[in-house]
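Each ligand, and each atom within it, is numbered from 1 in the order the structure gives.
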Amino acid sequence: MSKGFFNVPDPVNEPVKSYAPGTPEREAVTKQYASYYNGSVDVPLYIGKEEVRTGNTRNMTLPHDHKQVVGTYHLAEKKHIDNAIAAALEARVQWSQMPWEQRAAIFLRAADLIAGPYRAKINASTMIAQSKNVFQAEIDAACELIDFLRFNVKFMSDIYKDQPASSNGVWNRVEYRPLEGFIYAITPFNFTAIAANLPASAALMGNTVVWKPSDHQIFSAKVIVDIFKEAGVPDGVINVVYGDPVMITDTVLASPDFAGIHFTGSTYVFKEIWKKIGENIHNYKTYPKIVGETGGKDFIIAHPTSNTKQVATAISRGAFEYQGQKCSAASRVYLPKSTATEIINYVKEDVASFKMGSPADLSNFITAVIHEGSFDKLVSYIDQARKDDDAEIVAGGNYDKSKGYFIEPTVIVTTNPNYSTMGTELFGPVVTIYVYEDKDWSETLKLVDSTSEYALTGAVFSECRYALEEANKALQNSAGNFYINDKPSGAVVGQQPFGGARASGTNDKAGSAQNLLRWVSPRLIKETFVTPIDYRYPFLGE
Ligand code: NAD
């Protein structure tokens, strides 16, 4: 029972370290990377207080060095998923009754562990597992995750403070109860911060969780588990399973106690899960909360008045950082004919200057894509663009998977605004540019709005306020995160709550109170101090 109205520490965004030559953080991460690279980790399932080793293992390899094995992980069978659900339900009894300040303290402690003793580990493991360069690892695995944890504690206390009015003789109170059942978190490979936040945000609000990380992020997921354990997350609050995603999901969704899903990943997978939830709806004790942030086909549109160097830099960073494997990565660009050549030439200069290779060499800006499936898919689109009359590759276009899954940052220019790569999410370092006639600006805005099923992020560049306002209106439903004179990626927790609509997700804005509200079921308590003892109202009088 709380005996005070506690204020939580005011969150401030974690400063991004530079990793410049000679800095202590560079030395620490380099050492840690080498130790992981030459070591071997055996990652069990985490079910209740047990570390379960099924003996049915898969190797963990590096996308940029796929013959190097850095460890193994154990695959779950159906019975392990049932056990994980049971462990979550058992832990719920105590965890859901834990005073909120204790939950807050655990996750604030996790944030401080990441900011300090685990920083090199979480970053190096992300470089190893997901092939992020050190800067991309730092802004994701360290800073964004720290921000999620600290800001969510603040948002939680803001939610708890939000109380209804009371009238004379009556006290109204709202209790933000955790959901009745357990939460299923399914996470993607591309952000260590998302992987940790999806189970953690639900757990922070008093829920217990079955978490299924991506097969391609397990190496850094293990570090997250270590951090949560050291921070004091009790056994059974976050249970971790890997293996056949369909079997795991079918087992979870068949449970009558399934109370909500916190998903980030591709649109098709989320729609399939939604369908299965619908098929099971009569079995559930409660209507499950469905939260999913999914794919994107994020745009940049430049007006003829835009600054050409700014637009080019937004394309180079927005499309190619982390090999374009951000849901927010710019992947379709609309340039006016009057300045298109100049902008494309700047982008070509940038691309020619990118260094590509292992993240172990800190001077590399570009590393590998996540796995062979992704590599092969990207190659098929690049090869097709080479053949198509309405597309031309103006930069990059080479690839090599002999050592790692390396795809050169590639720029396609198309004369067809509905060319396949203008609408399909490729999730790699490929950007497609369509050049429009300057006079067709307003028509082009309609094209931007209607070309893809997604509506995640988008950016407009212009020096003309009228043009910006026109784009602002025309693209109101085209992106959940809309950027003016900036690249469409790089959202910061607490500043730009993130999420999109249409086929891009339920838009429950990770890194905001809106998201946390999905993990509670408010109970209104009305207490009357002097309770009536006569049913007759005054109007009934003679
Ligand atoms: P993915 O959909 O392949 O995998 C996501 C998770 O779903 C993984 O844990 C995977 O194992 C699991 N999964 C795969 N198939 C499944 C199935 N049939 N049933 C149940 N679970 C299944 O996505 P990914 O390649 O890991 O991540 C990239 C995708 O995530 C892109 O589409 C990207 O746009 C999206 N993403 C979106 C956001 C956002 O905030 N909108 C953020 C990051 C990534």
Side-chain angles (χ1 to χ4, degrees), residues 58 63 73 75-76 81 129-130 132 136 140 144 148 184-199 201 210-218 220-221 240-254 261-277 290-298 322-331 369-375 377-378 405 424-428 452-458 479-481 488-491 493 496-512 515:
R58 290 276 179 286
Y73 63 94
L75 301 181
I81 311 307
Q130 295 126 280
K132 292 208 167 186
Q136 292 299 316
D140 159 23
E144 186 170 355
F148 272 137
Y184 182 32
I186 310 187
T187 56
F189 78 84
N190 68 332
F191 274 87
T192 302
I194 295 176
N197 181 49
L198 267 49
S201 51
V210 175
W211 171 29
K212 196 209 86 57
S214 159
D215 291 345
H216 305 281
Q217 189 261 327
I218 291 174
S220 51
V240 194
V241 294
Y242 340 95
D244 174 4
V246 175
M247 180 279 287
I248 295 174
T249 302
D250 288 352
T251 309
V252 167
L253 299 184
I261 183 163
H262 205 184
F263 175 90
T264 298
S266 57
T267 297
Y268 179 80
V269 170
F270 184 55
K271 287 185 174 175
E272 286 297 297
I273 291 172
W274 193 304
K275 199 164 77 186
K276 287 180 187 177
I277 293 171
I290 306 177
V291 174
E293 301 307 330
T294 57
K297 191 69 197 173
D298 310 300
Y322 189 37
Q323 296 77 260
Q325 297 173 121
K326 299 187 183 188
C327 47
S328 55
S331 62
V369 299
I370 192 71
H371 51 55
E372 191 166 18
S374 170
F375 178 93
K377 175 179 164 185
L378 290 159
Y405 304 113
T424 307
E425 184 186 50
L426 303 187
F427 221 59
S452 126
E453 62 176 316
Y454 301 107
L456 190 50
T457 75
N481 281 48
S489 61
V493 177
Q496 296 104 23
F498 191 79
R502 295 186 182 162
S504 290
T506 54
N507 202 10
D508 290 293
K509 297 291 184 207
S512 80
N515 180 280

Within 45° of the axis and under 6.0 Å from the centre of the six-membered ring of F191, does NZ or CZ of K132 qualify?
->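 Yes, a cation-pi geometry holds between K132 and F191.
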Step-by-step side chain to side chain contact (heavy atoms under 4.5 Å, CB included) determination, F270 to I186 | CA-CA 10 Å; F270 184 55; I186 310 187; over 6 Å; no
Could you go step by step and tell me if W211 and L198 meet the side chain to side chain contact (heavy atoms under 4.5 Å, CB included) rule?
-> CA-CA 8 Å; W211 171 29; L198 267 49; over 6 Å; no
Sidechain N-carboxylate O distance under 4.0 Å for R58, D215 |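 No, no charged N to carboxylate O under 4.0 Å.
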With a 4.0 angstrom cut-off on heavy atoms, strictly below it, pick out the residues next to ligand 1 and order them by chain and number.
->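 If the criterion is a heavy atom under 4.0 Å, then ligand 1 touches I186, T187, P188, F189, N190, I194, K212, P213, S214, P245, V246, T249, F263, T264, G265, S266, V269, I273, E293, T294, G295, G296, C327, E425, F427, L456, F498.
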With Q136, which of K326, Q130, Q323 fulfils side-chain hydrogen bond (donor to acceptor under 3.5 Å, both in side chains)?
->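 Going through the options one by one, the only one that passes is K326.
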If we only count heavy atoms from C-beta on, is the T294 to Y454 side-chain gap below 4.5 Å?
->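 Result no, sub-4.5 Å side-chain heavy-atom pair not found.
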